[in-house]
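Have a look at the structure below, then the notes.
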Amino acid sequence: MTDLLHTYQKLLNHYGPRNWWPAETPFEVVIGAILTQNTNWNNVEKAIANLRKGEALTLGAILNLPLETLEQLIRPSGFFRQKAERLQLFCRYLQEHHQGSLEHLFDRELNLVREELLQLKGIGPETADSILLYAGQRLSFVVDAYTYRLFGRLGILSGKEKYSAVRELFMSNLRQDVQLYNEYHALIVIHCKNFCRKKPLCDSCFFTEMCLYRQQNC
DNA sequence: TTCCGGGAGG
DNA sequence: CCTCCCGGAA
């Protein structure tokens, strides 16, 4: 499946390296990964700005803040009640099982860490992989709705594959390189925001002959 | 004013 | 399957 590499090259040529994820620290990556579930990043930015202004961007602050206060700070990110609970659950877990240290959490065999993350309420596969890759620099490819959409339209996915199958497809066909995984997912995100939207802007998209969708609909 | 977009759990 | 929610675009 050299298509995956070819697609990566085209994206990288067009956008250049993204150096994701937009956060100051690994802990902020985790917070952002939870807040951005089913949510635009613009809304997450407002929530993070509120947390920062409220000096609430630390594990201790999130644990000690009254739930209602935390809810109001992250309100712009949507689903604020469940997300506030999930932030506190994650922080409490990190506190009690890893001395509050993400490094301690990450410093074991990949699948052990991943399974541990997946046990936590509010951390599904995409959030777990985002945390592993972008907060932990661990080799775990992130699959999201954009991945299904872009590669579905390119004719590489049918859309019916399970999350794990898509992740394994990428992981078994790409170099085992954290920076490559980081860039690839970031490039998929920006391309789907710019062009490969639900209502795609095919006219200005640089995937031409290799896009099945474009061949059939444009 | 309605509509759109975006993960996880139940 | 459904629910949880917002901000910005239409």
Side-chain angles (χ1 to χ4, degrees), chain A residues 18 20-23 28-54 56-57 62 65 67-94 113-136 140-153 157 159-170 181 184-205 213 217:
Chain A
R18 311 305 303 156
W20 237 28
W21 160 305
E28 289 182 26
V29 174
V30 175
I31 303 305
I34 292 172
L35 292 182
T36 200
Q37 290 168 1
N38 224 47
T39 300
N40 300 326
W41 185 253
N42 282 340
N43 296 353
V44 176
E45 281 186 330
K46 295 177 198 305
I48 299 223
N50 288 345
L51 290 171
R52 183 169 277 120
K53 198 180 328 172
L57 256 181
I62 287 173
L65 235 37
L67 190 57
E68 300 69 35
T69 309
L70 184 58
E71 287 176 352
Q72 291 314 309
L73 289 173
I74 67 167
R75 190 161 180 148
S77 74
F79 308 104
F80 58 90
R81 293 182 189 88
Q82 44 182 316
K83 285 177 182 175
E85 182 197 10
R86 290 163 185 190
L87 288 179
Q88 288 195 329
L89 286 174
F90 178 86
C91 289
R92 186 167 308 117
Y93 182 85
L94 195 63
V113 186
R114 188 168 189 271
E115 287 309 311
E116 194 174 333
L117 287 169
L118 289 173
Q119 309 268 84
L120 298 176
K121 182 170 179 179
I123 305 209
E126 181 184 339
T127 306
D129 290 326
S130 297
I131 290 171
L132 287 164
L133 181 61
Y134 290 103
S140 200
F141 198 87
V142 178
V143 176
D144 64 354
Y146 293 147
T147 312
Y148 279 92
R149 191 158 77 210
L150 175 58
F151 291 90
R153 286 173 175 169
L157 295 179
K160 297 194 186 88
E161 296 88 352
K162 300 292 174 205
Y163 182 100
S164 58
V166 179
R167 174 171 177 267
E168 280 155 26
L169 176 72
F170 280 83
Y181 285 19
Y184 206 160
H185 176 67
L187 288 165
I188 291 166
V189 170
I190 189 164
H191 185 66
C192 287
K193 287 190 180 184
N194 286 354
F195 300 110
C196 204
R197 307 180 180 170
K198 279 201 179 161
K199 293 180 151 228
L201 304 177
C202 293
D203 289 348
S204 34
C205 179
Y213 181 94
N217 301 283

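These figures come from a predicted structure and were not determined experimentally. Side chains are part of it too, since the values below use all heavy atoms of this structure and drop only hydrogens, waters and symmetry mates. Just so we're on the same page: letters track the sequence lines, and every chain starts at 1.
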Can you run down the side chain to side chain donor-acceptor pair (under 3.5 Å) pairs that involve [range], sequence neighbours left out, and say none if there aren't any?
| range | answer |
| --- | --- |
| residues 189-201 of chain A | A:Tyr15-A:His191 |
| residues 113-123 of chain A | A:Tyr93-A:Glu116, A:His98-A:Glu116, A:Arg108-A:Glu116, A:Arg114-A:Asp129 |
| residues 141-153 of chain A | A:Asp144-A:Thr147 |

Please step through side-chain contact (heavy atoms from CB on, under 4.5 Å) for the pair A:Phe90 and A:Leu117, ending with a clear verdict. CA-CA 9 Å; A:Phe90 178 86; A:Leu117 287 169; 4.0 Å; yes
Whole-Å gap separating [atom2] ([N]) and [atom1] ([X]):
| X | N | atom1 | atom2 | answer |
| --- | --- | --- | --- | --- |
| A:Arg149 | B:dG7 | CZ | P | 10 Å |
| A:His185 | B:dG7 | NE2 | C1' | 12 Å |
| A:Asp144 | B:dG7 | CG | C1' | 10 Å |
| A:Lys193 | B:dG5 | NZ | C1' | 10 Å |
| A:Leu118 | B:dG7 | CG | P | 16 Å |
| A:Leu150 | B:dG6 | CG | P | 13 Å |
| A:Gln82 | B:dG7 | CD | P | 13 Å |
| A:Lys121 | B:dA8 | NZ | C1' | 11 Å |

Ordered by number, residues from residues 123-135 of chain A within less than 4.0 Å of DNA chain B (heavy atoms) are A:Ile123, A:Gly124, A:Pro125, A:Glu126, A:Thr127
Check DNA chain B against residues 159-168 of chain A and give the residues with a non-hydrogen atom under 4.0 Å, in numerical order. none
About how many Å separate [atom2] of [Y] and [atom1] of [X], when rounded to the nearest 0.5 Å?
| X | Y | atom1 | atom2 | result |
| --- | --- | --- | --- | --- |
| A:Lys162 | A:Glu168 | NZ | CD | 13.0 Å |
| A:Ile74 | A:Lys46 | CD1 | NZ | 15.5 Å |
| A:Ser130 | A:Ile34 | OG | CD1 | 10.5 Å |
| A:Leu94 | A:Leu89 | CG | CG | 12.5 Å |
| A:His185 | A:Glu126 | NE2 | CD | 6.0 Å |

Heavy atoms only, 4.0 Å cut-off, all strands: where does [X] land among base, sugar-phosphate and nothing?
| X | value |
| --- | --- |
| A:Arg81 | sugar-phosphate |
| A:Thr39 | base |
| A:Leu120 | sugar-phosphate |
| A:Phe80 | sugar-phosphate |
| A:Asn43 | base |

Given that A:Lys46 and A:Lys83 both sit by DNA chain C, which one's nearest nucleotide is further toward the 5' end? A:Lys83
State which residues pass side-chain contact (heavy atoms from CB on, under 4.5 Å) with [X]; sequence neighbours excluded, sorted by chain then number.
| X | value |
| --- | --- |
| A:Ala186 | A:Arg18, A:Trp20, A:Tyr134 |
| A:Leu65 | A:Ala56, A:Thr69, A:Leu70, A:Leu73 |
| A:Ala23 | A:Trp21, A:Glu28, A:Val29 |

From the 5' end of DNA chain C to its 3' end, which nucleotides mark the outer limits of contact with chain A, defined by a 4.0 Å heavy-atom distance cut-off (strictly under)? C:dC4 to C:dG8
Donor-acceptor under 3.5 Å (A:Gln88 side chain, A:Ile62 main chain): yes
How would you list, by chain and number, every residue that makes a ring pair (Phe, Tyr, Trp, His ring centres under 6.0 Å) with A:Tyr184, sequence neighbours excluded? A:Tyr8, A:Phe141, A:Phe170
Dump every N/O contact between nucleotides 1-4 of chain B and the protein below 3.5 Å, one line per pair.
none

For residues 79-87 of chain A, which side-chain donor-acceptor pairs fall under 3.5 Å, sequence neighbours excluded?
{"unit_1": "A:Gln82", "atom_1": "OE1", "unit_2": "A:Arg86", "atom_2": "NH1", "d": "3.2"}
{"unit_1": "A:Gln82", "atom_1": "OE1", "unit_2": "A:Arg86", "atom_2": "NH2", "d": "3.1"}
{"unit_1": "A:Lys83", "atom_1": "NZ", "unit_2": "A:Leu35", "atom_2": "O", "d": "2.6"}
{"unit_1": "A:Lys83", "atom_1": "NZ", "unit_2": "A:Gln37", "atom_2": "O", "d": "3.1"}
{"unit_1": "A:Lys83", "atom_1": "NZ", "unit_2": "A:Thr39", "atom_2": "OG1", "d": "2.8"}
{"unit_1": "A:Lys83", "atom_1": "NZ", "unit_2": "A:Ser77", "atom_2": "O", "d": "3.0"}

Which is more 5' along DNA chain B, the nucleotide nearest A:Gln37 or the one nearest A:Arg197? Just name the residue. A:Arg197
